[in-house]
Amino acid sequence: MHHIGIDIGSTCAKCAVMDEEKNIKELFVIPTGWNSYRAIGEIEKTLSLKGIDLKESPCISTGYGREAVLSSQRKVTEISCHAMGASIIFSDKKINVIDVGGQDTKVISCTSGKVTEFYMNDKCAAGTGKFVEVMANRLNVPIGKMDEMARQVDEKIEISSLCTVFAESEVISLFGQGKRKEDIAWGVFNSVAKKVSQEYSKLKEKEDEIFLTGGLCESDFFIELLSLAIGSKVCTDKNARYAGAIGAAALSY
C-alpha cells in the first residue's frame, strides 16, 4: 500500500509517496496555478501513470489549498507537516526549521517531528518567495536566474522598503537610474534574508542546527546570505522543498 502526502502551496503543489516501510518512493511538483482543484487533478493523473490510485491510498493534505484534496483522510497544518518532514529529511534531534513559502515564512523549533515553538509571517509578502517572484518579473528575468545574477554583484544595493508594493516601485526606480540587474537581484535576495532572519530571531532557542525548506532552498546564494544574516550556518537538502508533503505522507500511517 502507498501512503501519500500532498502539499498545496500558493505557487507549487508537491506530492510525496511512501511505501509501507516509510521509504520515499516518489516526489514530484507541479505549478498550483489559479485553481487548487486543477492542481489536484494533475497530481491524481500523475499518480495514476505511476500505478498509484489516490482515492484508494491513505492520504494527508496540507498547505493553503489542503481543503481542495477531497480524498484525503485528514487536513493537517503546514507547521506540523514541515516539522515532521524536516525530522525525516534532516534529523530527528532538536532542530530549527525555516520554511520560505510562496506567501508566508515559517520558523519552527521541533524535536522528533514534534513542534515546540513556531512563528509565521503571513501578513505581508515581504520575506517570502512571492517577493522574489514579483521582483524577478519586474526585472524581466526568470526566477531561476536570480541566484546566478545576484552572485555577479558589483554594487550591493539595499532595498529599503519592507512592503512588497513599495519595494517594487523602488526596484523600478533603481532600474530607471541605470542600476545593474545583478546588483538589484543581490538587493532582493538580501532583503528577503534580512526579513527572514528577523522572524528567526523570535525563537527562544536559536542555537540549534538550522535547516531551510521551501522553494528558495534551491538557491545556494540565498542560503549564503541567510546564513550571514542569522549569524549561523543554514543547511538544506535536495528534497527540502518537499518537506511538507513528506511530513504529510508520514502522518498518514
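Closest non-hydrogen pair, Ala243 versus His82, comes out as CB-ND1, 3.7 Å. Counting all heavy atoms, side chain and backbone alike, Gly9 lies closest to Thr32 at O-OG1, 2.8 Å. Annotation for Ser36 and Gly65: closest pair OG-CA, 4.0 Å, computed over non-hydrogen atoms. Across Cys12 and Val29, no two heavy atoms sit closer than the pair CB-CG2, 3.6 Å. The two residues Ala193 and Phe222 make their nearest non-hydrogen contact at N-CE1, 3.7 Å. Nearest approach of Ala249 to Ala16, heavy atoms of both residues: CB-O, 4.0 Å.
Residues Val76 and Ile8 do not share a hydrophobic cluster, defined by chaining ILVMFWY side chains whose heavy atoms lie under 4.5 Å apart. Put simply, Met18 and Leu54 are part of two different groups of oily side chains (I, L, V, M, F, W, Y) that touch within less than 4.5 Å, one to the next. No path of Ile, Leu, Val, Met, Phe, Trp and Tyr side chains, each step under 4.5 Å between heavy atoms, connects Ile43 with Ile246, placing them in separate hydrophobic clusters. Cluster membership check: Tyr64 does not share its hydrophobic cluster with Met84, using side-chain heavy-atom separations under 4.5 Å among Ile, Leu, Val, Met, Phe, Trp and Tyr. Cluster annotation: Leu228 and Val234 are assigned to distinct hydrophobic clusters (Ile/Leu/Val/Met/Phe/Trp/Tyr, side-chain heavy-atom contacts under 4.5 Å, transitive).
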Exercise. Arg74 and Leu251: side-chain contact (heavy atoms from CB on, under 4.5 Å), yes or no, with the steps?
Worked result: CA-CA 9 Å; Arg74 281 193 296 143; Leu251 290 171; 4.2 Å; yes
For this session: Please assess Glu78 against Arg66 for the test salt bridge (charged side-chain N to carboxylate O under 4.0 Å, His left out), listing each intermediate value before the final yes or no.
Result: CA-CA 9 Å; Glu78 303 99 297; Arg66 59 185 176 270; 3.1 Å; yes
For this session: Kindly determine whether Phe131 and Lys195 satisfy side-chain contact (heavy atoms from CB on, under 4.5 Å), including the steps that lead there.
Result: CA-CA 11 Å; Phe131 184 88; Lys195 184 70 174 177; over 6 Å; no
For this session: Go through the steps to decide whether Glu44 and Ser48 satisfy the test side-chain hydrogen bond (donor to acceptor under 3.5 Å, both in side chains), and finish with yes or no.
Result: CA-CA 6 Å; Glu44 190 167 3; Ser48 180; over 6 Å; no
For this session: Report the C-alpha separation of Phe175 and Lys181 in whole Å, then their side-chain angles, then the decisive distance to 0.1 Å, and conclude whether the side-chain contact (heavy atoms from CB on, under 4.5 Å) test is met.
Result: CA-CA 7 Å; Phe175 198 47; Lys181 288 185 177 181; 3.4 Å; yes
Problem set entry | Test side-chain contact (heavy atoms from CB on, under 4.5 Å) applied to Leu226 and Leu212, step by step | CA-CA 10 Å; Leu226 183 59; Leu212 179 69; 4.2 Å; yes
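For Glu158 and Lys194, the salt-bridge test passes: some basic side-chain N is under 4.0 Å from an acidic carboxylate O. A salt bridge links Lys106 with Asp104; the closest basic N to acidic carboxylate O contact falls under 4.0 Å. Salt-bridge formation is not detected for the pair Lys156/Asp183: no Lys NZ or Arg NE/NH1/NH2 atom is positioned less than 4.0 Å from an Asp or Glu carboxylate oxygen. A salt bridge links Glu117 and Lys204; the closest N-O separation between the charged side-chain nitrogens and carboxylate oxygens is under 4.0 Å. Taking a cutoff of 4.0 Å between a charged side-chain nitrogen and a carboxylate oxygen, Lys94 and Glu205 qualify as a salt bridge.
More than 12 heavy atoms of other shown residues, nucleotides or ligands fall within 6.0 angstrom of atom CZ in Arg180. The number of heavy atoms from other shown groups lying within 6.0 Å of CG (Asn140) does not exceed 12. With a 6.0 Å radius and a threshold of 12 heavy atoms from other residues, nucleotides or ligands, Lys233 has its NZ atom at or below the threshold.
Within the 4.5 Å cutoff, the side chain of Val132 has no heavy atoms near those of the Val100 side chain. Side-chain contact check for Glu133 versus Thr128: every heavy-atom pair is 4.5 Å or farther apart. Residues Val97 and Thr213 are in side-chain contact: their nearest non-hydrogen atoms beyond the backbone lie under 4.5 Å apart. For the pair Ile184/Lys179, a side-chain contact is recorded, criterion being any heavy-atom separation below 4.5 Å from C-beta on. The closest side-chain heavy-atom distance from Ile230 to Ile210 is below 4.5 Å. In this structure the side chain of Ile24 never reaches within 4.5 angstrom of the side chain of Val17, judged on heavy atoms. With contacts defined as side-chain heavy-atom distances shorter than 4.5 Å, the pair Val192/Thr105 does not qualify. Using a 4.5 Å heavy-atom cutoff, the side chains of Thr62 and Ile6 are not in contact.
In this structure, Phe90 and Phe211 have parallel ring planes: the angle between them is below the 30° cut-off, well short of the 60° mark.
Between the side chains of Glu42 and Thr46, no donor-acceptor pair of N or O atoms lies under 3.5 Å. Between the side chains of Asp92 and Ser112, not a single donor N or O lies within less than 3.5 Å of an accepting N or O. When only modelled atom types and interatomic distance are considered, Ser252 and His3 share a side-chain donor-acceptor pair under 3.5 Å. With hydrogens and angles left out, the side-chain atoms of Tyr242 and Asp7 include no donor and acceptor closer than 3.5 Å.
In this structure a side-chain-to-backbone donor-acceptor pair under 3.5 Å is missing from Arg151 to Trp186. In terms of modelled atom types and a separation under 3.5 Å, the side chain of Ser219 and the main chain of Leu216 share no donor-acceptor contact. Judged purely by atom type and a 3.5 angstrom limit, Gln73 uses its side chain to pair as donor or acceptor with the backbone of Ser71. Checking side-chain atoms of Asp147 against main-chain N and O of Asp220 turns up a donor-acceptor pair under 3.5 Å. Formation of a donor-acceptor pair under 3.5 Å by the Ser91 side chain with backbone atoms of Ser87 is not found in this model. One N or O on the side chain of Lys75 and one on the backbone of Val69 form a donor-acceptor pair closer than 3.5 Å. Under a 3.5 Å cut-off, the side chain of Thr116 and the backbone N or O of Ser109 do form a donor-acceptor pair. In this structure, the side chain of Ser191 does not engage the main chain of Gly187 through any donor-acceptor pair within 3.5 Å.
Distance check: His2 NE2 to Ile4 CD1 gives 8.0 Å after rounding to the nearest 0.5 Å. Distance CD1/Ile95 to CD1/Ile108: 9.0 Å, rounded to 0.5 Å. Residue Ser61 holds its OG atom at 9.0 Å from CG of Leu70, rounded to the nearest 0.5 Å. In this structure, NZ on Lys206 lies 11.5 Å from OG on Ser197, to the nearest 0.5 angstrom. Distance check: Leu139 CG to Glu168 CD gives 10.0 Å after rounding to the nearest 0.5 Å. The distance from atom CD of Glu199 to atom OH of Tyr119, rounded to the nearest 0.5 Å, is 9.0 Å.
Within the cation-pi definition used here (under 6.0 Å to the ring centroid, within 45° of the axis), Lys22 qualifies as a partner of Tyr253.
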